[in-house]
Trainee: 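Got a structure for you, questions after.
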Amino acid sequence: AAAATTLRYHLTRELGMCCGGEMEVLVEPMIPAPFLVVCGGGHIAQALVPLAPPLGFVPILVEDLEDLGNPQRFPQAAQILDSFDPHDWKGLPLDERSYVVIVTRDHQVDQQLLEALLPYDLAYLGMIGSERKVRMFRQRLTNKGASPERLDRVHAPIGLEIGAETPEEIALSIAAELVRVRAARRAKDAAGVAPSR
């Protein structure tokens, strides 16, 4: 990660100005806020999306039902995408700037999204579900040839263990995990170590 730098110039010698003297300029990198792609427009998403902007994430909602994915229901969403196929997410980077949370209403959609997103080098990929669901999905993806290293990068069950039960508590546990992962990535970037997970 780039750090702030102070540049010093002699106005006559280096910049060819006749007034003389010296100038100092502080240059700070502009790092865009990471994207939080929330797949699914249910109760957990409704509680999670409003938490994103104050925590420094740009929330993008993905929901194929207009009743669940619309600006009235998600006024904080910077963008609403109406397809669960990542190939349709034009202009949305699926890289180390993106944190993706899978919280749809359908196990099959969850599986398809997880399979489609697994090859990408995302900052974070998390999926809601019980230990049983996670084991089942992992076995299916292993049978399809997914590498254990890729599967180990998936945060599932999603969120920090805080005893969450309500959608709001689950959203809080997810947000806390996102912040923890981002902080770990920043620390590794600052140390010059390639981030994992």
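Here, residue 1 is the first one in the sequence, and each next residue gets the next number.
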Trainee: With rounding to the nearest 0.5 angstrom, report the CD to CD distance, E115 to Q111.
Mentor: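 Those atoms lie 6.5 Å apart.
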Trainee: Can you confirm if the aromatic rings of F35 and F57 lie within a centre distance of less than 6.0 Å?
Mentor: no
Trainee: With a 3.5 Å distance limit and no angle check, can you tell me whether E169 reaches the backbone of A164 through a side-chain donor-acceptor pair?
Mentor: no
Trainee: Of all the heavy-atom pairs spanning A175 and L51, show the shortest one and how long it is.
Mentor: CB-CD1, 4.0 Å
Trainee: Starting from the C-alpha separation in whole Å, work towards a yes-or-no answer on side-chain contact (heavy atoms from CB on, under 4.5 Å) for I170 and I128.
Mentor: CA-CA 9 Å; I170 294 167; I128 198 159; 4.1 Å; yes
Trainee: For the residue pair L113 and C39, what are the closest heavy atoms and their distance?
Mentor: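 That closest heavy-atom pairing would be CD1-CB, 3.7 Å.
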Trainee: Please confirm whether the backbone N or O of L68 pairs with a side-chain atom of R73, one donor and one acceptor, at under 3.5 Å?
Mentor: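 Answer holds: yes.
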Trainee: Quick one, V101 with V37, criterion side-chain contact (heavy atoms from CB on, under 4.5 Å). Give me CA distance, side-chain angles, the key distance, then yes/no.
Mentor: CA-CA 6 Å; V101 170; V37 183; over 6 Å; no
Trainee: Measure from NZ or CZ of R180 to the centre of the six-membered ring of Y124, then state whether that distance is under 6.0 Å and the direction lies within 45° of the axis.
Mentor: no
Trainee: So, does K144 use its side chain to make a donor-acceptor pair with the main chain of Q139 at under 3.5 Å?
Mentor: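 Such a contact is absent between K144 side chain and Q139 backbone.
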Trainee: Can you check side-chain contact (heavy atoms from CB on, under 4.5 Å) on L141 and L118, steps first, answer last?
Mentor: CA-CA 10 Å; L141 291 168; L118 207 54; 4.3 Å; yes
Trainee: Is Y99 linked to L160 within one hydrophobic cluster, defined over Ile, Leu, Val, Met, Phe, Trp and Tyr using a side-chain heavy-atom separation of less than 4.5 Å?
Mentor: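 Per the 4.5 Å side-chain linkage, Y99 and L160 are not co-clustered.
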Trainee: With hydrophobic residues grouped by side-chain heavy-atom distances under 4.5 Å, do L117 and M136 end up in a single group?
Mentor: yes
Trainee: Given 3.5 Å as the limit, does a donor-acceptor pair link the side chain of W89 with the main chain of S83, or not?
Mentor: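 Judged by distance alone, yes, a pair lies under 3.5 Å.
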Trainee: Taking the side chain as everything from C-beta on, heavy atoms only, tell me whether I80 gets closer than 4.5 Å to E63.
Mentor: no
Trainee: Taking the side chain as every heavy atom from C-beta outward, state whether L122 and D95 have any pair of such atoms under 4.5 Å apart.
Mentor: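 A side-chain contact is absent here, since even the closest heavy-atom pair is not under 4.5 Å.
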Trainee: Should V100 and Y120 be marked as a side-chain contact (heavy atoms from CB on, under 4.5 Å) after you check the CA-CA gap, both sets of side-chain angles, and the distance that decides it?
Mentor: CA-CA 11 Å; V100 180; Y120 292 95; over 6 Å; no
Trainee: Using atom types as modelled and distance alone, determine if a side-chain donor or acceptor of S98 lies under 3.5 Å from a backbone N or O of P93.
Mentor: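 Side chain of S98 to backbone of P93, a donor-acceptor pair under 3.5 Å: yes, one is there.
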Trainee: Would you mind reporting whether F84 and Q112 have side-chain heavy atoms less than 4.5 Å apart?
Mentor: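 A side-chain contact is absent here, since even the closest heavy-atom pair is not under 4.5 Å.
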Trainee: Kindly indicate whether the side chain of L92, heavy atoms from C-beta on, has any atom under 4.5 Å from the side chain of L81.
Mentor: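 The answer is yes, as the side chains (C-beta and beyond) meet within the 4.5 Å cut-off.
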Trainee: Short question: side chain of E161, backbone of G163 - any donor-acceptor pair under 3.5 Å?
Mentor: yes
Trainee: Of all the heavy-atom pairs spanning G40 and A45, show the shortest one and how long it is.
Mentor: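 Looking at all heavy atoms of both residues, the shortest contact is O-CB, 3.0 Å.
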Trainee: Under a 4.5 Å cut-off applied to non-hydrogen side-chain atoms, are L178 and L36 in contact?
Mentor: yes
Trainee: How close do P59 and A52 get, heavy atom to heavy atom, and via which atoms?
Mentor: CB-CB, 3.8 Å
Trainee: Between CZ of F74 and CD of Q46, what distance do you get to the nearest 0.5 Å?
Mentor: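 Interatomic distance, F74 CZ to Q46 CD, rounded to 0.5 Å: 5.0 Å.
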Trainee: Evaluate the side-chain proximity of L114 to L125: yes if any heavy-atom separation is below 4.5 Å, no if none is.
Mentor: yes
Trainee: Is the shortest heavy-atom distance from the side chain of E177 to the side chain of I158 under 4.5 Å?
Mentor: yes
Trainee: Evaluate the criterion salt bridge (charged side-chain N to carboxylate O under 4.0 Å, His left out) for residue pair D152 and R138; output intermediate values, then yes/no.
Mentor: CA-CA 9 Å; D152 287 344; R138 185 178 176 104; 2.8 Å; yes
Trainee: L172, I102: one ILVMFWY side-chain cluster at the under-4.5 Å cut-off?
Mentor: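 No, it is not one cluster - the side chains of L172 and I102 are not joined through contacts under 4.5 Å.
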Trainee: Identify the heavy atoms of K90 and H87 that sit nearest to each other, and give their distance.
Mentor: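 Nearest pair, atom of K90 first, then H87: NZ-O, 2.7 Å.
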Trainee: Look at D64 together with R105 and state whether they make a salt bridge at an N to O cut-off of under 4.0 Å.
Mentor: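 Looking at D64 and R105, the cut-off is met.
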Trainee: Might you point out which heavy atoms bring A77 and V49 nearest each other, and give the distance in Å?
Mentor: N-CG1, 4.0 Å
Trainee: Do P86 and L94 touch side chain to side chain, with heavy atoms closer than 4.5 Å?
Mentor: yes
Trainee: To the nearest 0.5 Å, how far apart are CG in N70 and CG in D82?
Mentor: 12.0 Å
Trainee: Can you tell me how far the OG1 atom of T104 sits from the CG atom of D110, to the nearest 0.5 Å?
Mentor: 3.5 Å
